[in-house]
2 protein chains.
Amino acid sequence: MTEPRRRRAASAEKVARLLDVTEEIILREGFAAVSSRSVAARAGMNAPLVHYYFPTLDDLFVAVVRRRADQMVERMAAALASAEPLRAWWDLVSDPPGTALFVEFGAAANHRPALRAEVSRVARELRQMQIGKLASILGEYGVDPDEFSPTLVAAAIQGLAVVVVADRAAGYDTAPEEVAATMTRLVTRLAAGRAPRPSG
Amino acid sequence: MTEPRRRRAASAEKVARLLDVTEEIILREGFAAVSSRSVAARAGMNAPLVHYYFPTLDDLFVAVVRRRADQMVERMAAALASAEPLRAWWDLVSDPPGTALFVEFGAAANHRPALRAEVSRVARELRQMQIGKLASILGEYGVDPDEFSPTLVAAAIQGLAVVVVADRAAGYDTAPEEVAATMTRLVTRLAAGRAPRPSG
DNA sequence: GCAGAGTTTTAACGGCTGTTCTAACTTTAT
DNA sequence: ATAAAGTTAGAACAGCCGTTAAAACTCTGC
(Lines give C-alpha, C1' and ligand atoms only; values in the text may rest on other atoms or scores of the structure.)
Protein backbone atom coordinates (compact mmCIF):
# COMPACT_ATOMS: atom_id res chain seq x y z
CA MET A 1 0.00 0.00 0.00
CA THR A 2 3.06 2.25 0.03
CA GLU A 3 2.56 3.59 -3.46
CA PRO A 4 4.39 6.68 -4.71
CA ARG A 5 2.39 9.45 -3.13
CA ARG A 6 4.64 12.49 -3.05
CA ARG A 7 5.57 12.20 -6.69
CA ARG A 8 2.03 11.76 -7.88
CA ALA A 9 0.94 14.71 -5.76
CA ALA A 10 3.67 16.94 -7.15
CA SER A 11 2.76 15.91 -10.66
CA ALA A 12 -0.90 16.61 -10.05
CA GLU A 13 -0.02 20.09 -8.88
CA LYS A 14 1.98 20.73 -11.98
CA VAL A 15 -0.77 19.45 -14.22
CA ALA A 16 -3.22 21.78 -12.49
CA ARG A 17 -0.83 24.68 -12.90
CA LEU A 18 -0.49 23.96 -16.59
CA LEU A 19 -4.26 24.00 -16.97
CA ASP A 20 -4.45 27.25 -15.02
CA VAL A 21 -1.87 29.12 -17.06
CA THR A 22 -3.37 27.82 -20.29
CA GLU A 23 -6.70 29.33 -19.33
CA GLU A 24 -4.98 32.55 -18.36
CA ILE A 25 -3.20 32.85 -21.68
CA ILE A 26 -6.34 32.11 -23.65
CA LEU A 27 -8.32 34.75 -21.78
CA ARG A 28 -5.62 37.40 -21.87
CA GLU A 29 -3.90 36.91 -25.20
CA GLY A 30 -6.16 34.60 -27.11
CA PHE A 31 -6.00 31.05 -28.33
CA ALA A 32 -3.26 31.72 -30.86
CA ALA A 33 -0.90 32.80 -28.07
CA VAL A 34 -0.89 29.33 -26.54
CA SER A 35 2.23 27.32 -27.35
CA SER A 36 4.19 24.74 -25.47
CA ARG A 37 6.83 27.38 -24.87
CA SER A 38 4.51 30.18 -23.75
CA VAL A 39 2.66 27.87 -21.38
CA ALA A 40 5.89 26.48 -20.03
CA ALA A 41 7.39 29.92 -19.49
CA ARG A 42 4.43 31.19 -17.52
CA ALA A 43 4.35 28.00 -15.47
CA GLY A 44 8.07 28.10 -14.77
CA MET A 45 8.85 25.01 -16.81
CA ASN A 46 10.31 23.98 -20.13
CA ALA A 47 8.52 23.18 -23.33
CA PRO A 48 9.50 19.50 -23.33
CA LEU A 49 8.12 19.17 -19.82
CA VAL A 50 4.74 20.35 -21.03
CA HIS A 51 4.86 17.58 -23.63
CA TYR A 52 5.83 15.16 -20.90
CA TYR A 53 2.51 15.75 -19.17
CA PHE A 54 0.51 16.44 -22.34
CA PRO A 55 2.09 14.74 -25.34
CA THR A 56 0.16 16.96 -27.73
CA LEU A 57 -1.14 20.49 -27.35
CA ASP A 58 -4.55 19.11 -28.25
CA ASP A 59 -4.29 16.90 -25.18
CA LEU A 60 -3.68 20.00 -23.09
CA PHE A 61 -6.64 21.80 -24.62
CA VAL A 62 -8.91 18.83 -24.12
CA ALA A 63 -7.87 18.65 -20.46
CA VAL A 64 -8.64 22.33 -19.99
CA VAL A 65 -12.07 21.95 -21.57
CA ARG A 66 -12.80 18.83 -19.58
CA ARG A 67 -11.98 20.42 -16.25
CA ARG A 68 -14.05 23.51 -17.02
CA ALA A 69 -16.87 21.36 -18.33
CA ASP A 70 -17.08 19.25 -15.21
CA GLN A 71 -17.05 22.36 -13.06
CA MET A 72 -19.70 24.02 -15.20
CA VAL A 73 -22.00 21.00 -15.16
CA GLU A 74 -21.72 20.84 -11.40
CA ARG A 75 -22.49 24.52 -10.94
CA MET A 76 -25.34 24.44 -13.41
CA ALA A 77 -26.89 21.50 -11.59
CA ALA A 78 -26.69 23.44 -8.34
CA ALA A 79 -28.16 26.54 -9.96
CA LEU A 80 -31.06 24.67 -11.48
CA ALA A 81 -31.76 22.98 -8.17
CA SER A 82 -31.81 26.25 -6.26
CA ALA A 83 -34.85 28.19 -5.09
CA GLU A 84 -34.65 30.56 -8.06
CA PRO A 85 -33.38 28.35 -10.88
CA LEU A 86 -33.69 30.86 -13.69
CA ARG A 87 -32.00 33.62 -11.77
CA ALA A 88 -29.16 31.40 -10.55
CA TRP A 89 -28.69 30.08 -14.08
CA TRP A 90 -28.45 33.56 -15.52
CA ASP A 91 -26.06 34.71 -12.82
CA LEU A 92 -23.86 31.74 -13.59
CA VAL A 93 -23.63 32.13 -17.36
CA SER A 94 -23.61 35.92 -17.55
CA ASP A 95 -20.48 36.04 -15.46
CA PRO A 96 -17.02 35.50 -16.94
CA PRO A 97 -14.68 33.80 -17.27
CA GLY A 98 -16.64 30.60 -17.81
CA THR A 99 -18.63 31.89 -20.76
CA ALA A 100 -15.69 33.85 -22.12
CA LEU A 101 -13.63 30.69 -22.24
CA PHE A 102 -16.54 28.88 -23.82
CA VAL A 103 -16.62 31.47 -26.60
CA GLU A 104 -12.90 31.17 -27.26
CA PHE A 105 -13.04 27.39 -27.22
CA GLY A 106 -16.17 27.34 -29.33
CA ALA A 107 -14.43 29.24 -32.10
CA ALA A 108 -11.25 27.20 -31.81
CA ALA A 109 -13.09 23.89 -31.62
CA ASN A 110 -14.74 24.50 -34.95
CA HIS A 111 -11.78 23.12 -36.81
CA ARG A 112 -10.21 20.80 -34.25
CA PRO A 113 -12.02 17.47 -34.05
CA ALA A 114 -10.67 16.52 -30.62
CA LEU A 115 -11.76 19.82 -29.12
CA ARG A 116 -15.06 19.84 -30.91
CA ALA A 117 -15.99 16.49 -29.41
CA GLU A 118 -15.38 17.76 -25.88
CA VAL A 119 -17.15 21.07 -26.38
CA SER A 120 -20.04 19.31 -28.06
CA ARG A 121 -20.38 16.95 -25.13
CA VAL A 122 -20.66 19.65 -22.49
CA ALA A 123 -22.86 21.87 -24.66
CA ARG A 124 -25.35 19.08 -25.13
CA GLU A 125 -25.30 18.02 -21.50
CA LEU A 126 -25.84 21.53 -20.17
CA ARG A 127 -28.59 22.20 -22.65
CA GLN A 128 -30.45 19.06 -21.74
CA MET A 129 -30.25 19.87 -18.04
CA GLN A 130 -31.64 23.32 -18.73
CA ILE A 131 -34.42 22.14 -21.02
CA GLY A 132 -35.47 19.54 -18.48
CA LYS A 133 -35.74 22.14 -15.77
CA LEU A 134 -37.51 24.64 -18.02
CA ALA A 135 -40.12 22.08 -18.97
CA SER A 136 -41.16 21.87 -15.34
CA ILE A 137 -40.97 25.52 -14.34
CA LEU A 138 -42.00 27.59 -17.37
CA GLY A 139 -45.63 26.85 -16.57
CA GLU A 140 -45.14 27.97 -13.00
CA TYR A 141 -43.60 31.19 -14.24
CA GLY A 142 -46.69 31.89 -16.28
CA VAL A 143 -44.88 31.50 -19.60
CA ASP A 144 -46.78 29.89 -22.43
CA PRO A 145 -44.63 26.86 -23.36
CA ASP A 146 -46.29 26.77 -26.74
CA GLU A 147 -45.05 30.26 -27.56
CA PHE A 148 -41.70 30.06 -25.79
CA SER A 149 -40.64 26.43 -25.84
CA PRO A 150 -38.00 25.21 -23.36
CA THR A 151 -35.63 24.54 -26.24
CA LEU A 152 -35.96 28.10 -27.50
CA VAL A 153 -35.66 29.71 -24.08
CA ALA A 154 -32.58 27.67 -23.18
CA ALA A 155 -30.86 28.63 -26.43
CA ALA A 156 -31.87 32.27 -25.99
CA ILE A 157 -30.44 32.49 -22.48
CA GLN A 158 -27.19 30.91 -23.62
CA GLY A 159 -27.03 33.24 -26.60
CA LEU A 160 -27.78 36.26 -24.47
CA ALA A 161 -24.98 35.32 -22.12
CA VAL A 162 -22.54 34.91 -24.99
CA VAL A 163 -23.44 38.29 -26.45
CA VAL A 164 -23.23 40.09 -23.12
CA VAL A 165 -19.93 38.51 -22.15
CA ALA A 166 -18.37 39.00 -25.56
CA ASP A 167 -19.51 42.60 -25.85
CA ARG A 168 -18.34 43.36 -22.36
CA ALA A 169 -14.92 41.79 -22.92
CA ALA A 170 -14.32 43.49 -26.25
CA GLY A 171 -15.95 46.79 -25.35
CA TYR A 172 -18.32 46.85 -28.31
CA ASP A 173 -20.39 49.44 -26.52
CA THR A 174 -23.70 47.77 -27.31
CA ALA A 175 -24.91 48.42 -23.77
CA PRO A 176 -24.13 44.97 -22.37
CA GLU A 177 -24.64 46.22 -18.82
CA GLU A 178 -28.09 47.44 -19.65
CA VAL A 179 -28.92 44.12 -21.29
CA ALA A 180 -27.63 42.20 -18.30
CA ALA A 181 -29.51 44.40 -15.86
CA THR A 182 -32.74 44.12 -17.81
CA MET A 183 -32.37 40.37 -18.02
CA THR A 184 -31.76 40.13 -14.30
CA ARG A 185 -34.87 42.20 -13.65
CA LEU A 186 -36.94 40.06 -15.99
CA VAL A 187 -35.74 36.87 -14.36
CA THR A 188 -36.39 38.27 -10.90
CA ARG A 189 -39.88 39.32 -11.87
CA LEU A 190 -40.62 35.90 -13.27
CA ALA A 191 -39.51 34.29 -10.04
CA ALA A 192 -41.62 36.69 -8.00
CA GLY A 193 -44.72 35.88 -10.00
CA ARG A 194 -44.15 32.19 -9.62
CA ALA A 195 -47.15 30.11 -8.74
CA PRO A 196 -46.32 27.11 -6.52
CA ARG A 197 -48.70 25.00 -8.49
CA PRO A 198 -51.28 26.11 -11.02
CA SER A 199 -54.68 25.29 -9.62
CA GLY A 200 -56.64 23.02 -11.88
CA MET B 1 -9.32 61.86 -68.80
CA THR B 2 -7.51 58.84 -70.09
CA GLU B 3 -6.53 57.52 -66.73
CA PRO B 4 -5.22 53.98 -66.25
CA ARG B 5 -8.42 51.99 -66.24
CA ARG B 6 -7.51 48.44 -67.20
CA ARG B 7 -4.78 48.22 -64.59
CA ARG B 8 -6.93 49.57 -61.80
CA ALA B 9 -9.77 47.26 -62.77
CA ALA B 10 -7.51 44.23 -62.75
CA SER B 11 -6.19 45.23 -59.34
CA ALA B 12 -9.68 45.66 -57.97
CA GLU B 13 -10.55 42.18 -59.13
CA LYS B 14 -7.53 40.77 -57.37
CA VAL B 15 -8.30 42.60 -54.19
CA ALA B 16 -11.82 41.19 -54.27
CA ARG B 17 -10.49 37.71 -54.87
CA LEU B 18 -8.16 38.04 -51.90
CA LEU B 19 -11.07 39.03 -49.69
CA ASP B 20 -13.09 36.11 -51.03
CA VAL B 21 -10.48 33.45 -50.40
CA THR B 22 -9.71 34.88 -46.98
CA GLU B 23 -13.35 34.42 -46.01
CA GLU B 24 -13.30 30.93 -47.47
CA ILE B 25 -10.27 29.90 -45.48
CA ILE B 26 -11.66 31.34 -42.25
CA LEU B 27 -14.94 29.49 -42.66
CA ARG B 28 -13.42 26.20 -43.76
CA GLU B 29 -10.20 25.97 -41.77
CA GLY B 30 -10.45 28.67 -39.18
CA PHE B 31 -8.73 31.92 -38.48
CA ALA B 32 -5.40 30.32 -37.63
CA ALA B 33 -5.19 28.86 -41.12
CA VAL B 34 -4.97 32.28 -42.72
CA SER B 35 -1.47 33.27 -43.74
CA SER B 36 -0.09 35.33 -46.56
CA ARG B 37 1.05 32.08 -48.17
CA SER B 38 -2.19 30.16 -47.76
CA VAL B 39 -4.26 33.05 -49.06
CA ALA B 40 -1.90 33.58 -51.96
CA ALA B 41 -1.91 29.90 -52.89
CA ARG B 42 -5.68 29.67 -53.00
CA ALA B 43 -5.88 32.88 -54.98
CA GLY B 44 -3.20 31.81 -57.45
CA MET B 45 -0.68 34.38 -56.33
CA ASN B 46 2.45 34.73 -54.26
CA ALA B 47 2.81 35.74 -50.66
CA PRO B 48 4.62 39.01 -51.41
CA LEU B 49 1.86 39.97 -53.80
CA VAL B 50 -0.63 39.71 -50.99
CA HIS B 51 1.54 42.14 -49.05
CA TYR B 52 1.66 44.36 -52.11
CA TYR B 53 -2.10 44.85 -51.87
CA PHE B 54 -2.35 44.52 -48.08
CA PRO B 55 0.93 45.49 -46.42
CA THR B 56 -0.05 43.74 -43.21
CA LEU B 57 -2.28 40.76 -42.59
CA ASP B 58 -4.25 42.96 -40.23
CA ASP B 59 -4.99 45.23 -43.19
CA LEU B 60 -6.39 42.23 -45.03
CA PHE B 61 -8.54 41.22 -42.08
CA VAL B 62 -9.83 44.74 -41.62
CA ALA B 63 -10.75 44.90 -45.31
CA VAL B 64 -12.65 41.62 -45.03
CA VAL B 65 -14.56 42.82 -41.98
CA ARG B 66 -15.30 46.16 -43.57
CA ARG B 67 -16.73 44.63 -46.72
CA ARG B 68 -18.91 42.20 -44.77
CA ALA B 69 -19.96 44.94 -42.39
CA ASP B 70 -21.13 47.25 -45.15
CA GLN B 71 -23.04 44.41 -46.76
CA MET B 72 -24.59 43.39 -43.45
CA VAL B 73 -25.67 46.91 -42.57
CA GLU B 74 -27.29 47.27 -45.97
CA ARG B 75 -29.16 43.98 -45.68
CA MET B 76 -30.23 44.67 -42.12
CA ALA B 77 -31.62 48.04 -43.14
CA ALA B 78 -33.63 46.37 -45.89
CA ALA B 79 -34.86 43.67 -43.52
CA LEU B 80 -35.97 46.16 -40.90
CA ALA B 81 -37.77 48.21 -43.54
CA SER B 82 -39.66 45.23 -44.90
CA ALA B 83 -43.27 44.30 -44.22
CA GLU B 84 -42.25 41.74 -41.61
CA PRO B 85 -39.18 43.30 -39.98
CA LEU B 86 -38.71 40.77 -37.20
CA ARG B 87 -39.02 37.81 -39.50
CA ALA B 88 -36.71 39.25 -42.15
CA TRP B 89 -34.22 40.14 -39.47
CA TRP B 90 -34.22 36.62 -38.06
CA ASP B 91 -33.94 35.05 -41.49
CA LEU B 92 -30.94 37.26 -42.17
CA VAL B 93 -28.96 36.53 -39.01
CA SER B 94 -29.89 32.88 -38.57
CA ASP B 95 -28.43 32.07 -41.94
CA PRO B 96 -24.70 31.53 -42.44
CA PRO B 97 -22.13 32.50 -43.47
CA GLY B 98 -22.62 36.06 -42.26
CA THR B 99 -23.11 35.16 -38.61
CA ALA B 100 -20.53 32.36 -38.75
CA LEU B 101 -17.92 34.84 -39.94
CA PHE B 102 -19.00 37.26 -37.25
CA VAL B 103 -18.39 34.59 -34.62
CA GLU B 104 -14.92 33.80 -35.95
CA PHE B 105 -14.02 37.46 -36.20
CA GLY B 106 -15.49 38.20 -32.81
CA ALA B 107 -13.19 35.69 -31.15
CA ALA B 108 -10.19 36.80 -33.18
CA ALA B 109 -10.87 40.48 -32.65
CA ASN B 110 -10.69 40.11 -28.90
CA HIS B 111 -6.94 40.46 -28.93
CA ARG B 112 -6.33 42.45 -32.11
CA PRO B 113 -7.00 46.14 -31.63
CA ALA B 114 -7.36 46.96 -35.32
CA LEU B 115 -9.91 44.20 -35.81
CA ARG B 116 -11.73 44.96 -32.61
CA ALA B 117 -12.33 48.54 -33.69
CA GLU B 118 -13.95 47.40 -36.92
CA VAL B 119 -16.07 44.69 -35.35
CA SER B 120 -17.12 47.04 -32.60
CA ARG B 121 -18.22 49.62 -35.13
CA VAL B 122 -20.51 47.30 -37.05
CA ALA B 123 -21.83 45.62 -33.91
CA ARG B 124 -22.87 48.95 -32.46
CA GLU B 125 -24.36 50.22 -35.70
CA LEU B 126 -26.43 47.09 -36.29
CA ARG B 127 -27.61 47.00 -32.72
CA GLN B 128 -28.76 50.60 -32.80
CA MET B 129 -30.67 50.05 -36.03
CA GLN B 130 -32.40 47.07 -34.47
CA ILE B 131 -33.20 48.79 -31.20
CA GLY B 132 -34.63 51.76 -33.03
CA LYS B 133 -36.93 49.54 -35.04
CA LEU B 134 -37.93 47.47 -32.04
CA ALA B 135 -38.90 50.56 -30.10
CA SER B 136 -41.53 51.33 -32.72
CA ILE B 137 -42.87 47.84 -33.40
CA LEU B 138 -42.75 45.90 -30.13
CA GLY B 139 -45.92 47.64 -29.03
CA GLU B 140 -47.64 46.73 -32.28
CA TYR B 141 -46.61 43.13 -31.76
CA GLY B 142 -48.32 43.11 -28.37
CA VAL B 143 -45.06 42.77 -26.47
CA ASP B 144 -44.77 44.63 -23.21
CA PRO B 145 -41.70 46.88 -23.72
CA ASP B 146 -41.34 47.17 -19.97
CA GLU B 147 -40.88 43.42 -19.61
CA PHE B 148 -38.96 42.83 -22.84
CA SER B 149 -37.06 46.02 -23.61
CA PRO B 150 -35.79 46.65 -27.16
CA THR B 151 -32.23 46.43 -25.93
CA LEU B 152 -32.85 43.02 -24.39
CA VAL B 153 -34.77 41.66 -27.37
CA ALA B 154 -32.13 42.83 -29.84
CA ALA B 155 -29.35 41.19 -27.86
CA ALA B 156 -31.40 38.02 -27.43
CA ILE B 157 -32.05 37.68 -31.15
CA GLN B 158 -28.38 38.22 -31.94
CA GLY B 159 -27.38 35.71 -29.28
CA LEU B 160 -29.90 33.20 -30.48
CA ALA B 161 -28.54 33.50 -34.00
CA VAL B 162 -24.99 33.01 -32.78
CA VAL B 163 -25.92 29.91 -30.82
CA VAL B 164 -27.92 28.39 -33.65
CA VAL B 165 -25.27 29.06 -36.27
CA ALA B 166 -22.40 27.91 -34.08
CA ASP B 167 -24.17 24.76 -32.98
CA ARG B 168 -25.20 23.97 -36.51
CA ALA B 169 -21.70 24.50 -37.87
CA ALA B 170 -19.98 22.44 -35.19
CA GLY B 171 -22.66 19.80 -34.92
CA TYR B 172 -23.13 20.15 -31.17
CA ASP B 173 -26.44 18.37 -31.47
CA THR B 174 -28.29 20.82 -29.26
CA ALA B 175 -31.24 20.77 -31.63
CA PRO B 176 -30.40 23.99 -33.48
CA GLU B 177 -32.92 23.20 -36.18
CA GLU B 178 -35.67 22.92 -33.63
CA VAL B 179 -34.61 26.21 -32.07
CA ALA B 180 -34.53 27.91 -35.44
CA ALA B 181 -37.90 26.49 -36.41
CA THR B 182 -39.49 27.50 -33.12
CA MET B 183 -38.06 30.98 -33.42
CA THR B 184 -39.35 31.32 -36.96
CA ARG B 185 -42.79 30.23 -35.80
CA LEU B 186 -42.73 32.69 -32.91
CA VAL B 187 -41.71 35.54 -35.14
CA THR B 188 -44.35 34.64 -37.70
CA ARG B 189 -47.01 34.50 -35.01
CA LEU B 190 -45.97 37.89 -33.71
CA ALA B 191 -46.27 39.37 -37.18
CA ALA B 192 -49.68 37.78 -37.68
CA GLY B 193 -51.00 39.24 -34.44
CA ARG B 194 -49.70 42.64 -35.32
CA ALA B 195 -52.03 45.53 -34.67
CA PRO B 196 -51.67 48.42 -37.14
CA ARG B 197 -52.10 50.85 -34.31
CA PRO B 198 -53.17 50.14 -30.74
CA SER B 199 -56.56 51.75 -30.23
CA GLY B 200 -56.87 54.08 -27.28
C1' DG C 1 11.32 53.51 -79.91
C1' DC C 2 11.67 55.08 -74.78
C1' DA C 3 10.59 56.41 -69.85
C1' DG C 4 8.16 55.37 -66.15
C1' DA C 5 4.58 53.63 -63.40
C1' DG C 6 2.39 49.56 -61.95
C1' DT C 7 2.72 44.71 -61.05
C1' DT C 8 4.82 40.21 -60.14
C1' DT C 9 8.39 36.99 -58.85
C1' DT C 10 12.56 35.13 -56.60
C1' DA C 11 15.18 34.82 -52.71
C1' DA C 12 15.95 35.45 -48.29
C1' DC C 13 15.88 37.33 -43.24
C1' DG C 14 15.01 36.10 -38.33
C1' DG C 15 11.72 34.14 -35.42
C1' DC C 16 8.55 31.07 -33.55
C1' DT C 17 6.23 26.57 -33.87
C1' DG C 18 5.32 21.32 -32.28
C1' DT C 19 7.79 17.74 -31.24
C1' DT C 20 11.53 14.37 -30.34
C1' DC C 21 15.98 12.52 -28.70
C1' DT C 22 19.02 12.14 -25.31
C1' DA C 23 21.20 12.77 -21.23
C1' DA C 24 20.95 14.23 -16.54
C1' DC C 25 18.77 14.47 -12.36
C1' DT C 26 15.68 13.05 -8.34
C1' DT C 27 13.09 10.21 -5.74
C1' DT C 28 11.51 5.56 -4.33
C1' DA C 29 12.00 0.54 -3.28
C1' DT C 30 14.97 -2.86 -1.78
C1' DA D 1 24.31 1.23 -1.99
C1' DT D 2 21.88 0.09 -5.96
C1' DA D 3 18.45 -0.56 -9.34
C1' DA D 4 14.50 1.17 -11.15
C1' DA D 5 11.11 4.41 -12.01
C1' DG D 6 9.74 8.99 -12.55
C1' DT D 7 10.95 13.68 -13.75
C1' DT D 8 13.50 17.60 -15.79
C1' DA D 9 16.65 20.01 -18.87
C1' DG D 10 19.40 20.95 -23.22
C1' DA D 11 19.84 20.68 -27.92
C1' DA D 12 18.13 20.14 -32.12
C1' DC D 13 14.90 18.80 -36.16
C1' DA D 14 12.08 20.46 -40.03
C1' DG D 15 8.48 23.55 -41.06
C1' DC D 16 5.82 27.52 -41.41
C1' DC D 17 5.39 32.32 -40.24
C1' DG D 18 5.27 37.78 -41.55
C1' DT D 19 7.73 40.61 -43.96
C1' DT D 20 11.25 42.87 -46.89
C1' DA D 21 14.62 43.89 -50.76
C1' DA D 22 15.56 43.68 -55.14
C1' DA D 23 15.14 42.34 -59.57
C1' DA D 24 12.14 41.21 -63.51
C1' DC D 25 8.19 41.75 -66.12
C1' DT D 26 4.10 44.35 -68.21
C1' DC D 27 1.62 47.81 -69.56
C1' DT D 28 0.64 53.00 -70.41
C1' DG D 29 1.76 57.50 -72.37
C1' DC D 30 4.54 59.78 -75.52
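Residue numbers begin at 1 in each chain, while the letters A, B, ... track the order of the sequences.
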| task | Mind calculating the distance between CD (E13(A)) and C1' (dG6(D)) to the nearest angstrom? | result | 16 Å
| said: Rounded to whole Å, please give me the gap between CZ in F31(B) and P in dC17(D). | reply: 15 Å
| query | Rounding to a whole Å, what distance do you find between E29(B):CD and dC17(D):P? | reply | 11 Å
| request: Check the surroundings of atom CD in E177(A): do more than 12 heavy atoms from other residues, nucleotides or ligands lie under 6.0 Å from it? | output: yes
| task | Please report, rounded to the nearest Å, how far the P atom of dG18(C) is from the OH atom of Y53(A). | result | 19 Å
| task | Supply the atom-to-atom distance Y52(A) OH to M45(A) CE, rounded to the nearest 0.5 angstrom. | result | 12.0 Å
| query | Quick one: L49(A) CG to dG18(C) C1', roughly how many Å, whole number? | reply | 15 Å
| said: Over all strands shown, is V50(B) touching base, sugar-phosphate only, or nothing at heavy-atom distances under 4.0 angstrom? | reply: nothing
| said: Can you work out whether A32(B) or N46(A) has the more 5'-proximal nearest nucleotide on DNA chain D? | reply: N46(A)
| remark: Given protein heavy atoms under 4.0 Å, the one-letter contact record of nucleotides 19-24 of chain D, with B base, S sugar-phosphate only and - none, is simply BB----
| message | When you measure from the side-chain N and O atoms of S35(A) to the phosphate of dC16(C), is any distance below 4.0 Å, counting only OP1 and OP2? | response | no
| query | Tell me: OH of Y52(A) to C1' of dC25(C), nearest whole Å? | reply | 13 Å
| request: Before accepting this row, confirm whether a basic side-chain N of the pair D173(B)/R127(A) lies closer than 4.0 Å to the acidic partner's carboxylate O. | output: no
| Charged N to carboxylate O below 4.0 Å: is that the case for D20(A) and R67(A)? | yes
| task | For V34(B), report the nucleic acid contact type (base, sugar-phosphate, nothing); a contact means any heavy atom under 4.0 Å. | result | sugar-phosphate
| message | Using 30° and 60° as the class boundaries, would you call the ring planes of F105(B) and F31(B) parallel, tilted or perpendicular? | response | perpendicular
| Please walk me through it: do L19(B) and E23(B) pass side chain to side chain contact (heavy atoms under 4.5 Å, CB included)? | CA-CA 6 Å; L19(B) 300 185; E23(B) 285 191 352; 5.9 Å; no
